[in-house]
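In each ligand, atom 1 is the first atom listed, and ligand 1 is the first ligand listed.
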Amino acid sequence: MRIDILTLFPEMLEPALRIGILGRAIAKDILTVNLVNPRDFAHDRHRTVDDAPYGGGAGMVMTCPPVFEAVESLISKNSLEHVVLLSPRGRKLDQNLVREMAGWKDMVLLCARYEGMDERIAETLVTEEISIGDYVLSGGEAAALVLVEAVSRMAPGVVGNWESVDTDSFYHGILGYPQYTRPPVFRGKEVPRVLLEGNHEAIRKYRRREALRATWIRRPELLTNLSKEDLELLAEIGVHLPPSNKENLP
Ligand code: ADE
């Protein structure tokens, strides 16, 4: 997978792309992340990338020419099939969208700064606008990093052990189960006994039940399309949902 990121602040993203799972995937060439600065495509002496908004108002707006030229410079490397603008008005990112994007061969991510980009960029170049949540960041860079982390995690070969993706919160539509490690007792609090006893089927059931419990307590609206076993596990913790439970959630 290839991801090109257009940003006026590549130095904000560079260190994050060297760390952890993402850093390793890039080092191993499983993933290519290329940072492009639209300022390098500005032709005036001051390398201007912004201007005052028509109609007046606060702040500055990113101008069309350097952004268009920067994106067009990627044509030989990227199909430009997916040009994503990070923006609070976009489709909200969730694990379903992440999974869909993990199937893309390449994408260009546009990070806006100031009061945003000239609307003609969204109208002409952008194929999708994506928001990482209902709040406003000062720029798209942090959002682009969220997207790259989430999407690359689902791309083949990035996470060495697929089991750790398989047990992520949301991967199967519900929250993840709680994890424990040594010591077995810490300040009087014990690790659940079942995890120490080596009975794999009992551990599987315990984990599924605890994932369902966490979801019931924190995000009950996610509990849809449950299997017969899920309904039985919920009943064990005193939650009795009918087979079609959509209408019965608090
Ligand atoms: N840029 C500013 N706020 C944003 C958000 N919530 N999501 C994506 N990009 C943004």
J.: Rounded to the nearest 0.5 Å, what's the gap from CD on Glu115 to CE on Met62? Could you check?
T.: 12.5 Å
J.: Quick one: sort the Trp162 and Tyr171 rings into parallel, tilted or perpendicular, breaks at 30° and 60°.
T.: perpendicular
J.: Between Asp106 and Ser79, is the side-chain hydrogen bond (donor to acceptor under 3.5 Å, both in side chains) condition met? List the steps.
T.: CA-CA 7 Å; Asp106 51 36; Ser79 62; 2.8 Å; yes
J.: Output the distance between atom CD1 (Ile3) and atom OG1 (Thr32), rounded to the nearest 0.5 Å.
T.: 9.0 Å
J.: Are there any protein N or O atoms under 3.5 Å from the N or O atoms of ligand 1? List them with distances, or say none.
T.:
unit_1   : atom_1 : unit_2 : atom_2 : d
ligand 1 : 3 (N)  : Leu137 : N      : 3.0
ligand 1 : 6 (N)  : Gly133 : O      : 3.1
ligand 1 : 6 (N)  : Tyr135 : O      : 2.8
ligand 1 : 7 (N)  : Ile132 : N      : 3.0
ligand 1 : 9 (N)  : Ser87  : N      : 3.2

J.: Do the side chains of Glu236 and Lys205 get close enough for a salt bridge, i.e. N-O under 4.0 angstrom?
T.: no
J.: Give every residue pair that meets the ring pair (Phe, Tyr, Trp, His ring centres under 6.0 Å) criterion with at least one member in residues 183-208, sequence neighbours excluded.
T.: none
